[in-house]
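Letters go in sequence order (proteins before strands), and every chain restarts at 1. Both backbone and side-chain heavy atoms feed into the values below; hydrogens, waters and symmetry mates do not.
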There are 2 protein chains.
Amino acid sequence: MEERSPVPAPHPARDVTEHVGYRLKRVSAALRNAMDKALREHDLTVPQYSCLELLDERPGLSNADLARGTFVTRQSANVVLRGLKEAGLITRPLTTDHGRALPTHLTPAGERRLRAARGAVYAIEERMIRSIPEGRLPALLADLDTMTDALDE
Amino acid sequence: MEERSPVPAPHPARDVTEHVGYRLKRVSAALRNAMDKALREHDLTVPQYSCLELLDERPGLSNADLARGTFVTRQSANVVLRGLKEAGLITRPLTTDHGRALPTHLTPAGERRLRAARGAVYAIEERMIRSIPEGRLPALLADLDTMTDALDE
DNA sequence: TCTTCCATGTCAATATTTTGACATAGCCGC
DNA sequence: GCGGCTATGTCAAAATATTGACATGGAAGA
């Protein structure tokens, strides 16, 4: 390989995109990596932690709800829930009196685990947030949302 | 919904969906989805396309280089390269006179495929870019990079 | 009512990615 | 030169995720 630049030296003159996609991917990968490392010490994967966080905030979410909330398929979420149940961190009824959606809830152990892990994850967010210039966070969040909307249409 | 504080307090968000991590994940998922759909028509996966783009820009990259450039492990990149080779889109020597790194190159078919697919991908980036307010793109890109740096340290 | 449609949960098969491990090639300080 | 160090390619196994399919429960409308 030629130098220490890990890869991307810019193309000649590409204006259309400053490659937002590439940078999004990069920061996502860095975030994922940091969270993976931090959560490993709490015996949680990123999807597992995401589910716990969502369930803490909105108890009773269904598998399909959690799939949407964590941006994976229903099937993947199902596997995650099975793992969480196996670990005794959530409860899930086998039937329900109305509908098919099975409401999921955190167990006390699940709440404890979440609280233990949350600090590590929040510290990572804190690092990100503090790194960007004062007052620019609102615009950044707004732009991320705007791009999401533009892509979903 | 709660007002947005102009000051980036440590943890102003009550809701995980307010977190920057969540929004990054969301926009990444949306982008990934859009690219998947667009590339499917060209018989390419996102990692495959990413490799082709990198190889077009910097011919002769090694498997490890491409792994870093696409933010996956060497092993994953190896699988992708095998697929691309199978499809006749790249060439890779079996040995080299110096070192272990095997320089990869696009075949003419690979270049054609890349050119065919590139338009669809650029259109997606264009949608993202056009959606954000005039003049805010540079700051957005800078903030993404800044966060990446903050996470990598 | 009933019939069509959509959402959910889940099974199975497949694909993708990572973790762990190992041998080899080159570099650098000694 | 030599020994440690890092980087690379690759194998194998496991974890993770997706695609495809199907049955069921409920809602909406003719």
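Between B:Lys25 and A:Thr70, the side chains place no donor N or O within less than 3.5 Å of an acceptor N or O (distance only, hydrogens not considered). For the residue pair A:Ser62 / A:Asp65, a side-chain donor-acceptor distance below 3.5 Å is found, with atom types taken as modelled.
Atom CZ of B:Arg92 sits in a crowded spot, with more than 12 heavy atoms from other residues, nucleotides or ligands closer than 6.0 Å.
The aromatic ring centres of B:Tyr49 and B:His42 sit 6.0 Å or more apart.
A distance of 11.5 Å separates CG of A:Leu54 from CZ of A:Arg68, quoted to the nearest 0.5 Å. Rounding to the nearest 0.5 angstrom, the gap separating the CZ atom in A:Arg118 from the CG atom in A:Leu52 is 9.5 Å.
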Across nucleotides 12-23 of chain D, 5' to 3', mark each nucleotide with B, S or - according to how protein heavy atoms within less than 4.0 Å reach it.
----SSBBBB-B
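Protein atom CG of B:Asn63 is 7 Å distant from nucleotide atom P of D:dT10, rounded to whole Å. Rounded to a whole Å, the CG atom of B:Leu66 is 14 Å from the P atom of C:dT17. Straight-line distance from the CG atom of A:Leu61 to the P atom of C:dG9: 11 Å, rounded to whole Å.
Cluster annotation: B:Tyr122 and B:Met35 are assigned to the same hydrophobic cluster (Ile/Leu/Val/Met/Phe/Trp/Tyr, side-chain heavy-atom contacts under 4.5 Å, transitive). A chain of hydrophobic side-chain contacts below 4.5 Å, direct or via other Ile, Leu, Val, Met, Phe, Trp or Tyr residues, connects B:Leu151 to A:Val20.
Relative to the axis of its first five pairs, the axis of the last five pairs of the helix from C:dT1-D:dA30 to C:dC30-D:dG1 sits at 40°, rounded to 10 degrees.
With a 4.5 Å cut-off on side-chain heavy atoms, A:Arg74 and A:Asn63 count as touching.
Checking the phosphate oxygens (OP1, OP2) of C:dG9, no side-chain nitrogen or oxygen of A:Asn78 falls inside 4.0 Å.
Ion pair A:Asp43/A:Arg113 not flagged as a salt bridge, since none of the NZ, NE, NH1 or NH2 atoms sits closer than 4.0 Å to an Asp/Glu carboxylate oxygen.
Within a heavy-atom distance below 4.0 Å of DNA chain C, the residues of residues 81-99 of chain B found are B:His98, B:Gly99.
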